[in-house]
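Report on one structure; see the data block that follows.
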Amino acid sequence: ERWSTTFGKDSYTIAGYQTVGNGKPFAHVVGEFKRVKIANASFNAKKIAAMVPVAKQMGVLHKFNGTYRMKGWMIMMPGMPKTDIGATEVAGTIFGGTVLEFQLKGDPIPNMGDAYVGWGAMVWSDLDNCYKSLWVDNMGGAVLQDSHLRDGKLIAGGARVSMGQPVVFRSVITLAVDGSLGNVTEHTAYGAADPVQSFFGTYTKKK
């Protein structure tokens with residue numbers, strides 16, 4: 001697939017082209033969006049059915065569904081002390097079970113301004129034979145990562161830039177006995193510094 005978006009002053013157009021097998025490229029989706037004063041664009045993703053079969057690998061993630069309390073700590077940068085953190089996180093399937101959605105709201109931290117808020121989505125990729133996820137937050141963070149399930153642990157890794165420094169990280173989610181979220185550990189390497197354990201959190205599922 002190849003997609004292009006062209007932005008105008010009060011509108012933008014999209015064009016999506018596909019090539020199937022050894023066929024020639026064809027226009028798959030073409031459309032224009034125009035700015036209006038009022039638009040009814042509300043929808044409930046939880047009630048929208050999937051248009052494709054749900055990958056069997058998503059069954060593991062469906063066990064994450066629920067509301068959790070997370071307690072743990074984080075280290076913001078190398079050399080800084082641990083900061084105790086807490087959050088409420090809701091995990092639930094949308095679009096007929098093809099996507100697992102995460103909504104997290106952190107507890108306020110004294111002298112740290114607004115509370116942390118994050119949103120994520122995870123899907124299964126047949127092409128790359130792994131889970132793909134996107135995480136964005138109100139600190140301007142945007143992370144794409146691949147995850148692999150091994151021996152009851154969901155292992156993810158990725159890279160980003162933070163405060164001008166290249167950062168490499170790896171997170172390990174350990175599943176509880178019932179397949180729900182258990183705990184998560186993250187190690188991070190900031191720039192040329194040695195890797196450090198930068199995060200640990202334990203999840204308690206609400207009844």
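Side-chain contact check for H187 versus V172: every heavy-atom pair is 4.5 Å or farther apart. Using a 4.5 Å heavy-atom cutoff, the side chains of L181 and I173 are in contact. Looking at D146 and K132, their side chains come closer than 4.5 Å, going by heavy atoms from C-beta outward. Side-chain contact between D107 and R69 is present, with heavy atoms from C-beta onward closer than 4.5 Å. Within the 4.5 Å cutoff, side-chain heavy atoms of V143 are placed close to those of F169. M122 has its side chain within reach of L154: a pair of non-hydrogen atoms, C-beta onward, lies under 4.5 Å apart. Within the 4.5 Å cutoff, the side chain of W3 has heavy atoms near those of the V29 side chain. Contact annotation: the side chain of F33 approaches that of I14 to within less than 4.5 Å [non-hydrogen atoms, C-beta and beyond].
Remark: D151 CG is loosely packed, at most 12 non-hydrogen atoms of other residues, nucleotides or ligands lying under 6.0 Å away. No more than 12 heavy atoms of other residues, nucleotides or ligands lie within 6.0 Å of CG in D114, so this atom counts as exposed by the packing criterion. Atom NZ of K205 is surrounded by more than 12 heavy atoms from other residues, nucleotides or ligands within 6.0 Å.
Rounding to the nearest 0.5 Å gives a distance of 12.5 Å between CZ of R170 and CD of Q145. To the nearest 0.5 Å, atom CE of residue M58 and atom NZ of residue K63 are 13.0 Å apart. To the nearest 0.5 Å, atom NZ of residue K71 and atom CD1 of residue I85 are 9.5 Å apart. Here I75 contributes atom CD1 and F199 contributes atom CZ; the two are 12.0 Å apart, rounded to the nearest 0.5 Å. Annotation: the span from L175 atom CG to L149 atom CG amounts to 6.0 Å, rounded to 0.5 Å. From E1, atom CD reaches atom OG1 of T19 across 9.5 Å, with rounding to the nearest 0.5 Å.
Nearest heavy atoms, A189 versus A193: CB-O, 4.3 Å. Taking both residues in full, the closest heavy atoms of K46 and T93 are given as CG-O, 3.9 Å, listed atom of the first, atom of the second, then distance. S180 and D178 get closest at one heavy-atom pair: OG-OD1, 2.6 Å. Nearest heavy atom pair, residue G106 against residue A87, reads CA-CB, 3.7 Å. S198 and T188 make their closest contact through OG-OG1, 2.6 Å (heavy atoms, listed as atom of the first residue, atom of the second, distance). Here the closest non-hydrogen pair linking S147 and C130 is O-CB, 3.4 Å.
Note: Y203 and Y68 have perpendicular aromatic rings, judged against thresholds of 30 and 60 degrees for the angle between ring planes. Taking the six-membered ring where tryptophan is involved, the planes of Y12 and F7 are tilted, since the angle between them lies from 30° to 60°.
Cluster annotation: M139 and L144 are assigned to distinct hydrophobic clusters (Ile/Leu/Val/Met/Phe/Trp/Tyr, side-chain heavy-atom contacts under 4.5 Å, transitive). Clustering ILVMFWY residues whenever any of their side-chain heavy atoms sit less than 4.5 angstrom apart, transitively, puts W124 in a cluster other than the one holding I94. Hydrophobic clustering (side-chain heavy atoms under 4.5 Å, transitive across Ile, Leu, Val, Met, Phe, Trp, Tyr) groups M76 together with V167. Under the 4.5 Å side-chain heavy-atom criterion for grouping Ile, Leu, Val, Met, Phe, Trp and Tyr, V90 is not connected to F64 through any hydrophobic cluster.
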Practice problem: Please report the C-alpha distance between Y131 and V60 in whole Å, then the side-chain angles of each, then the deciding distance to 0.1 Å, and finally whether the side-chain contact (heavy atoms from CB on, under 4.5 Å) criterion is met. | Solution: CA-CA 11 Å; Y131 297 99; V60 175; 4.0 Å; yes
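At least one donor-acceptor pair closer than 3.5 Å links the side chain of D137 to the backbone N or O of G140. A donor-acceptor distance shorter than 3.5 angstrom exists from the side chain of N138 to the backbone of V117, with no hydrogens or angles considered.
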Tell me which donor-acceptor pairs under 3.5 Å the side chains of residues 97-105 have, and how far apart each pair is, sequence neighbours excluded?
residue: T98; atom: OG1; partner: F95; partner atom: O; Å: 2.9
residue: E101; atom: OE1; partner: Q103; partner atom: NE2; Å: 3.4
residue: E101; atom: OE2; partner: W119; partner atom: NE1; Å: 2.9

